[in-house]
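A short worksheet on the structure shown next.
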Amino acid sequence: MPRKCVIILLDGIGDRSYEQFNYQTPLQAAKTPVLDGLAAGGANGSYHAAFLGQALPSEHAHFLMFGYDMSGFPGRGALEALGAGIKLSPKDVAVLSHFACLRESDGCFVVGQRKPEISDNEISGLIQAVDKYDSRGVNLRFIQTGGIFGIILLTGDVSPYITDSDPFIDGRPLIAISSWEDFSDDIASQNVALALKEYLVWTYDQLNDCPVNRSRIGKGQAAVNGFVTQRAGQLKDVIPFNQSWGLHGLSIASGLVYTGLSVYIGMDTKKVADTEDPEKDIADRLNTAYESLNDYDFVHVHTKAPDEAAHTKDPDAKKSVIESLDRGIGRAIGPLMDDPEVLIIITADHSTPSSGALIHSGESVPLTFYGEGIRRDRVSRFNEVDVATGALGSVRGKELMYLILNHLDRAKLQGVMDTPVDQPYWPGDYEPFRLK
Ligand SMILES: [Zn+2]
């Protein structure tokens, strides 16, 4: 029976149907013999990490998939700060931010280019001009995490319960920064909203007048003269993953937010880099996963490639990436499939539509369990539609973790209390009965 699991997370693989694919999704239209083989030898179903129809960002979906409740979620800003190795005290607030081209219109800021092209040298010059600011007892620092992206770290009497300024779409006005409705009487939230607003206005003035932008304007390029901000966060107390689920976890992923989430829940991380070759990337990660199984019993193997392809809003690009990933999985999955102690899970965190205005969408994603003892159903294709007739049915939220414990023969018989905490796994780390 399986004792360990490898969860292959194909980020954003779920999609919608397109006429160009004869009304199939990119995953249905793609040639995926390896994924289809796993589906044919396993149990299949549809998965959503929360409520069907909810469009989840990766960080929420992963947090829920790893068996947590959103009440313990610290905000993406805090996760990316952890992922970037930024020292974050429990009282600090981390706000996701990046440079953008702004213009003034009717007393508002409007986004000209949300993600401008700019050289590393130019970015360094901009950061030097605006990396520190103090207002209303709040210290604000911009810390670069890569390219135009960074964290605005707020220290002092601060609160994370503020709205975003980033409208996500070029041509739209920036959003007013205010406290959340439930925190409208919270002085720290109001103070942070005002301090951040002042910082963004000051930043705009400083950047418009800095040498980098004078040079850009001279060359006919747009000034990169402001920040957009979103998803403020602050650390919370959270029960570590191995204590919550009795599994020693490793995450193999490239993005800051996944590293940060793993750090937050006490899961070990292996940070990898994305190349131009998703086939090789996923094969390398699966080889690393196989080698790690002596030390871990839950290995998360992540690829962002399908999500990124979908964000180009080109269904063909997504289909092509999916076919590359299938070839890459085929190169490395053999030893994992042959090992009777390994349970393989293939799924995604959310759907990412290759057309339309949505960033992510709320449809379910496919879920396959492959390993010894798994009920075999009649599904023979790994895609959003075929899996829906499978033996796993419709799986939601932390049911995924319960199913994993179940198939690893680690599910506790409900009602058994071998430890003072009613943990879902068995056996618990209990105290031996001592005679004295
Ligand atoms: Zn995602």
Side-chain angles (χ1 to χ4, degrees), residues 75-78 80-82 84-104 107-112 114-116 118 120-167 173-180 183 186-214 216 222-235 256:
R76 181 162 178 151
E80 291 219 9
L82 286 181
I86 295 170
K87 214 165 153 23
L88 207 57
S89 89
K91 288 187 172 173
D92 297 342
V93 167
V95 182
L96 278 189
S97 61
H98 65 78
F99 285 99
C101 302
L102 306 181
R103 65 172 186 270
E104 287 180 61
C108 297
F109 283 142
V110 172
V111 178
R114 187 168 169 268
K115 292 186 178 172
I118 183 166
D120 289 348
N121 271 347
E122 288 177 306
I123 283 287
S124 298
L126 298 183
I127 293 171
Q128 273 181 9
V130 296
D131 65 339
K132 292 190 190 75
Y133 188 73
D134 283 286
S135 169
R136 300 171 178 268
V138 178
N139 175 260
L140 301 98
R141 274 190 300 145
F142 176 81
I143 303 169
Q144 186 187 26
T145 54
I148 60 172
F149 299 94
I151 296 289
I152 298 174
L153 185 65
L154 294 89
T155 54
D157 184 17
V158 292
S159 158
Y161 305 112
I162 55 166
T163 55
D164 304 340
S165 65
D166 187 351
L174 253 62
I175 301 162
I177 301 172
S178 62
S179 28
W180 293 6
F183 293 85
D186 176 37
I187 301 296
S189 300
Q190 294 170 2
N191 203 40
V192 161
L194 288 169
L196 186 55
K197 177 181 178 180
E198 286 177 13
Y199 178 52
L200 296 192
V201 172
W202 175 81
T203 300
Y204 177 77
D205 291 338
Q206 296 296 306
L207 293 179
N208 271 328
D209 198 33
C210 79
V212 170
N213 278 324
R214 285 202 297 267
R216 283 179 67 89
V224 179
N225 53 2
F227 287 125
V228 288
T229 59
Q230 51 166 304
R231 293 185 265 189
Q234 188 176 46
L235 297 178
L256 285 184

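- Here CG of Asp164 is found 10.0 Å from OG of Ser178. Values are rounded to the nearest 0.5 Å.
- To the nearest 0.5 angstrom, Glu80 atom CD is 4.5 Å from Leu96 atom CG.
- Using a 4.5 Å cut-off on side-chain heavy atoms (C-beta onward), Leu153 and Leu140 make no contact.
- The shortest side-chain heavy-atom distance between Glu104 and Phe109 falls under the 4.5 Å cut-off.
- When all heavy atoms are compared, the tightest approach of Ser189 to Ser159 is OG-OG, 2.8 Å.
- Applying the ring pair (Phe, Tyr, Trp, His ring centres under 6.0 Å) rule to Phe183 yields the partners Tyr161; only residues at least two apart in sequence or on another chain are considered.
- Taking each heavy atom of Arg114 and His98 in turn, the nearest pair found is O-CE1, 2.9 Å.
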Could you pull out every donor-acceptor pair under 3.5 Å between side chains of residues 141-149 and any protein atom, sequence neighbours left out?
residue	atom	partner	partner atom	Å
Gln144	NE2	Gly147	O	2.8
Thr145	OG1	Phe149	O	3.3

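- Between Thr203 and Gly226, the shortest heavy-atom contact is CG2-CA, 4.5 Å.
- Of all non-hydrogen atoms in Phe227 and Ile152, the two that sit nearest each other are CD1-CD1, 4.4 Å.
- By the 4.0 Å N-to-carboxylate-O rule, Asp157 lies too far from Lys91 to be salt-bridged with it.
- Asp186 is not listed as a side-chain neighbour of Ser179, based on a closest heavy-atom distance of 4.5 Å or more.
- Evaluated for a side chain to side chain contact (heavy atoms under 4.5 Å, CB included) with Leu88, the options Val93, Ile151, Thr155, Leu235 yield exactly one hit, Leu235.
- Under a 3.5 Å cut-off, the side chain of Thr163 and the backbone N or O of Ala176 do form a donor-acceptor pair.
- Of all non-hydrogen atoms in Pro160 and Ala232, the two that sit nearest each other are O-CB, 3.5 Å.
- Nearest heavy-atom pair, Gly233 versus Ala78, reported as atom, atom and distance to 0.1 Å: C-CB, 3.8 Å.
- Annotation: side-chain contact (heavy atoms from CB on, under 4.5 Å) contacts of Asn191 (sequence neighbours excluded): Arg136, Val138.
- Not counting sequence neighbours, the partners of Val192 by the side-chain contact (heavy atoms from CB on, under 4.5 Å) test are Leu154, Val158, Ile162.
- Side chains of Val224 and Leu207 form no contact here, defined as non-hydrogen atoms less than 4.5 Å apart.
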Stepwise side-chain contact (heavy atoms from CB on, under 4.5 Å) check, Leu200 with Leu102: CA-CA 11 Å; Leu200 296 192; Leu102 306 181; over 6 Å; no
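- Looking only at distances, no side-chain donor or acceptor of Tyr133 sits under 3.5 Å from a matching main-chain atom of Leu196.
- Sorted by first and then second residue, the side chain to side chain donor-acceptor pair (under 3.5 Å) pairs involving residues 223-233 (not counting sequence neighbours) are Glu59-Arg231, Ser165-Thr229, Asp166-Gln230, Asn208-Asn225.
- Applying the salt bridge (charged side-chain N to carboxylate O under 4.0 Å, His left out) rule to Asp92 yields no partners; only residues at least two apart in sequence or on another chain are considered.
- Counting heavy atoms from C-beta on, the side chains of Glu198 and Val201 never come closer than 4.5 Å.
- Put simply, the side chain of Ile123 reaches to within 4.5 Å of the side chain of Phe99, judged on heavy atoms.
- Note that the CG atom of Asn213 and the SG atom of Cys101 stand 8.0 Å from one another [nearest 0.5 Å].
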